[in-house]
K.L.:
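Have a look at the structure that comes next, please.
What's counted below: heavy atoms across the whole structure, side chains too, no hydrogens, waters or symmetry copies. Keep in mind the model is a prediction, meaning the values are calculated, not measured.
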Amino acid sequence: MALRLDAPPEVVPGAESSKQKKRRIKPGSWKLALKRDWRLYTLLALPLAYLLIFRYLPMAGNVIAFRQFQPGGSIFGEKWVGFKYITLFINDPSFWQAFQNTIVLGILTLVFCFPMPIIFALMLNELRSQKFKKFVQTVAYLPHFMSVVIIAGMILQNFSMTGTVNQVAESLFGNTMNFTQDPGWFRPMYISSEVWQTMGWGAILYLAALTRVDESLYEAARIDGANRWQQTWHVTLPAIRPTIITLLILNIGTFMAVGFEKILLIYNPLNYATSDVISTYLYRVGLESSNFSYAAAIGMFESVIGLTLILSANAISKRLAGTSLW
């Protein structure tokens, strides 16, 4: 009796079942990356928890901008009042004074504090003595690590009636000025201290970007007869333009968030005309006066303006320069 052996069916390439196709993980997919590098992704747990707890969950509290909040009551307010608090701050002259001061200080900070790290990085890049370069960098970085309280104390001490500035002014011109109480001198004091405090530390990113510039471009520019200024203008600045644009967009996004701590420490009722900004105004009406719903309405208005600014700056940069955050 002969046995009949059937040949196994020929396996056709690509003839997998639908279940097998679903189970198979495509190369480059997020599931494969998560399975392969899960130890690295666990490092994101704490930062994500921080953002969730301290950044995103508090957004639910913005509802009290439309509800009447009473201390000791519900965290989401007692009753719905609609646009009552928005109407209040729109008709409040003190708010618009603080809003104007915020815009002016934001523009001055952007004009003076943003380009100074770029200029400082370009100057450091031209130094040939490494020892002198390290010394200048160390001196320039030091103010960044000082507490805001120390910086504010130095400002008040130097510009007081018996401070260093008035002592020099009295010896040269024979008179003194009350800088800390004069509204006209608040903005120069604040901007100059911001430049001094942020210039060195802000130059680090630009110095890192300068290390990636191809030296052959400078050599080609020298062969074409370009001097140092022309090399900087036509080689260096275009090479670090993406870094400049990215940081500019981020600075525009924080345009309305003018330094609250420093202003709170150096301002006083005599110079409110130029020193009172939205953040300090919120501190007075929100915490000192316990008007939390009114402060929440102003804070939400400020956040909307900041979001609009960063979206607009990103869109304009993407259209004109081809560089954007997203």
K.L.:
With a sphere of 6.0 Å drawn around CH2 of Trp80, does it hold more than 12 non-hydrogen atoms of other residues, nucleotides or ligands?
P.N.:
yes

K.L.:
Show, in sequence, the C-alpha distance, side-chain angles and deciding distance for Tyr190 and Thr109, and conclude whether the side chain to side chain donor-acceptor pair (under 3.5 Å) test is met.
P.N.:
CA-CA 9 Å; Tyr190 175 80; Thr109 302; 4.9 Å; no

K.L.:
If we ignore hydrogens and angles and just use 3.5 Å, is the side chain of Thr254 paired with the main-chain N or O of Ala257 as donor and acceptor?
P.N.:
no

K.L.:
May I ask you to check whether over 12 heavy atoms, not counting those of Trp196, lie within 6.0 Å of atom CH2?
P.N.:
yes

K.L.:
Is NZ or CZ of Arg284 both nearer than 6.0 Å to the six-membered ring centre of Tyr272 and within 45° of the ring axis?
P.N.:
yes

K.L.:
Taking atom CG of Leu309 and atom CG of Asn314, what is their separation to the nearest 0.5 Å?
P.N.:
12.5 Å

K.L.:
Would you kindly say whether Thr274 and Tyr267 are connected by a side-chain donor-acceptor distance under 3.5 Å?
P.N.:
no

K.L.:
Could you go step by step and tell me if Ser74 and Glu78 meet the side chain to side chain contact (heavy atoms under 4.5 Å, CB included) rule?
P.N.:
CA-CA 6 Å; Ser74 172; Glu78 302 299 326; 4.1 Å; yes

K.L.:
Can you say whether the rings of Phe95 and Tyr281 are parallel (under 30°), tilted (30 to 60°) or perpendicular (over 60°)?
P.N.:
tilted

K.L.:
Flag the pair Phe255 / Thr102 as yes when at least one side-chain heavy-atom distance between them is below 4.5 Å, and no otherwise.
P.N.:
no

K.L.:
One pair to check against side chain to side chain contact (heavy atoms under 4.5 Å, CB included): Arg187 and Asn101. What are the steps and the verdict?
P.N.:
CA-CA 9 Å; Arg187 289 167 182 167; Asn101 293 335; 3.1 Å; yes

K.L.:
Taking the side chain from Asn125 and the backbone from Ala121, do they hold a donor-acceptor pair closer than 3.5 Å?
P.N.:
no

K.L.:
Looking at Asn227, is its backbone amide N or carbonyl O close enough to the side chain of Gln230 to form a donor-acceptor pair, meaning the two atoms are under 3.5 Å apart?
P.N.:
yes

K.L.:
What about Leu250 and Leu51, same hydrophobic cluster or not, with Ile/Leu/Val/Met/Phe/Trp/Tyr joined at side-chain heavy-atom distances under 4.5 Å?
P.N.:
no

K.L.:
When you measure from the side chain of Asn268 to the backbone N and O of Leu270, does any donor-acceptor pair fall under 3.5 Å?
P.N.:
yes

K.L.:
Between Phe112 and Met199, is there a side-chain heavy-atom distance shorter than 4.5 Å?
P.N.:
no

K.L.:
Are the side chains of Gln137 and Leu207 in contact, using a 4.5 Å heavy-atom criterion?
P.N.:
yes

K.L.:
Atom CH2 of Trp38 and atom CG of Leu43: how far apart are they, to the nearest 0.5 Å?
P.N.:
10.5 Å

K.L.:
So which atom in Ser193 and which in Lys262 form the shortest heavy-atom distance, rounded to 0.1 Å?
P.N.:
OG-NZ, 3.3 Å

K.L.:
So do Tyr85 and Ile64 actually touch side chain to side chain, heavy atoms under 4.5 Å?
P.N.:
no

K.L.:
Is it the case that over 12 heavy atoms from other parts of the model lie below 6.0 angstrom from the CE atom of Met161?
P.N.:
yes

K.L.:
So for atom CZ, which belongs to Arg36, do other residues, nucleotides or ligands contribute more than 12 heavy atoms lying within a distance under 6.0 Å?
P.N.:
yes

K.L.:
Are Ile310 and Ile252 close enough, and set up right, to give a side chain to side chain contact (heavy atoms under 4.5 Å, CB included), and what steps lead you there?
P.N.:
CA-CA 6 Å; Ile310 195 170; Ile252 292 176; 5.7 Å; no

K.L.:
Above 12 or not: heavy atoms from other molecules or residues under 6.0 Å from CD of Gln157?
P.N.:
no

K.L.:
Hydrophobic clustering (ILVMFWY, side-chain heavy atoms < 4.5 Å, transitive) - are Val304 and Leu307 grouped together?
P.N.:
no

K.L.:
Does the pair Ile86 and Ile90 meet the rule for a side chain to side chain contact (heavy atoms under 4.5 Å, CB included), with working shown?
P.N.:
CA-CA 6 Å; Ile86 297 178; Ile90 288 177; 3.8 Å; yes

K.L.:
Look at the rings of Phe89 and Phe301 and say which category their plane angle falls in: under 30° parallel, 30 to 60° tilted, over 60° perpendicular.
P.N.:
tilted

K.L.:
How many angstroms lie between atom NZ of Lys84 and atom OG of Ser293, to the nearest 0.5 angstrom?
P.N.:
8.5 Å

K.L.:
Return yes if some donor-acceptor pair links the side-chain N/O of Thr198 with the main-chain N/O of Glu194 below 3.5 Å, else return no.
P.N.:
yes

K.L.:
Under the 3.5 angstrom rule, does the side chain of Asn158 hit a backbone N or O of Met154 as a donor-acceptor pair?
P.N.:
yes

K.L.:
Give me the atom names and distance for the closest heavy-atom approach of Ala295 to Gly286.
P.N.:
CB-CA, 3.7 Å

K.L.:
Heavy-atom count around Leu46 CG within 6.0 Å, excluding the residue itself: above 12?
P.N.:
no

K.L.:
Do Val165 and Val168 sit in one hydrophobic cluster, given that two such residues count as connected whenever their side-chain heavy atoms are within less than 4.5 Å of each other, even indirectly?
P.N.:
no

K.L.:
Taking C-beta and beyond as the side chain, do Leu287 and Phe292 meet within less than 4.5 Å on heavy atoms?
P.N.:
yes

K.L.:
Is it the case that one hydrophobic cluster holds both Tyr50 and Met59, taking links as side-chain heavy atoms less than 4.5 Å apart, direct or via other members?
P.N.:
yes

K.L.:
Would you call the rings of Trp96 and Phe99 parallel, tilted or perpendicular if under 30° counts as parallel and over 60° as perpendicular?
P.N.:
perpendicular

K.L.:
Is Asp182 reaching over with its side chain to a backbone N or O of Asn271, donor-acceptor style, under 3.5 angstrom?
P.N.:
no

K.L.:
Let me confirm one number: the OH-CD1 distance from Tyr206 to Ile119, rounded to the nearest 0.5 Å.
P.N.:
10.5 Å

K.L.:
For the CD atom of Gln100 and the CG atom of Leu105, what is their distance to the nearest 0.5 Å?
P.N.:
10.5 Å

K.L.:
Same cluster or not: Trp229 versus Ile244, using hydrophobic residues (I, L, V, M, F, W, Y) connected whenever any side-chain heavy atoms lie under 4.5 Å apart?
P.N.:
yes

K.L.:
Taking the side chain as C-beta and beyond, is there a heavy-atom pair between Ile103 and Met256 under 4.5 Å?
P.N.:
yes

K.L.:
Would you find a donor on one side and an acceptor on the other, under 3.5 Å apart, between the side chain of Gln231 and the backbone of Arg222?
P.N.:
no

K.L.:
Which heavy atom of Leu52 sits nearest to which heavy atom of Pro58, and what is that distance?
P.N.:
O-CD, 4.5 Å

K.L.:
Checking the side chain of Asn166 only, and the main-chain atoms of Thr162 only, is there a donor and an acceptor separated by less than 3.5 Å?
P.N.:
no

K.L.:
Could you tell me if the side chain of Val139 sits less than 4.5 Å from the side chain of Val136, heavy atoms only?
P.N.:
no

K.L.:
Do you know the tightest heavy-atom contact between Ile266 and Ala152?
P.N.:
CG2-CB, 3.6 Å

K.L.:
Report, as yes or no, whether the 6.0 Å neighbourhood of atom NZ on Lys318 holds more than 12 heavy atoms from other residues, nucleotides or ligands.
P.N.:
no

K.L.:
Considering all heavy atoms of both residues, which atom of Met146 and which atom of Gln197 are nearest to each other, and what is their separation?
P.N.:
O-NE2, 4.1 Å

K.L.:
Whether the side chain of Thr280 engages the backbone of Asp276 through a donor-acceptor N/O pair (distance < 3.5 Å, no angle test) should be reported.
P.N.:
no

K.L.:
Can you confirm whether Leu248 sits close enough to Leu110 that some side-chain heavy atom of one is under 4.5 Å from a side-chain heavy atom of the other?
P.N.:
yes

K.L.:
Closest approach of Tyr141 and Gly200, non-hydrogen atoms and distance?
P.N.:
CE2-O, 3.0 Å

K.L.:
Quick one: pull up CH2 in Trp233 and OG1 in Thr236 and give me the separation to the nearest 0.5 Å.
P.N.:
11.5 Å

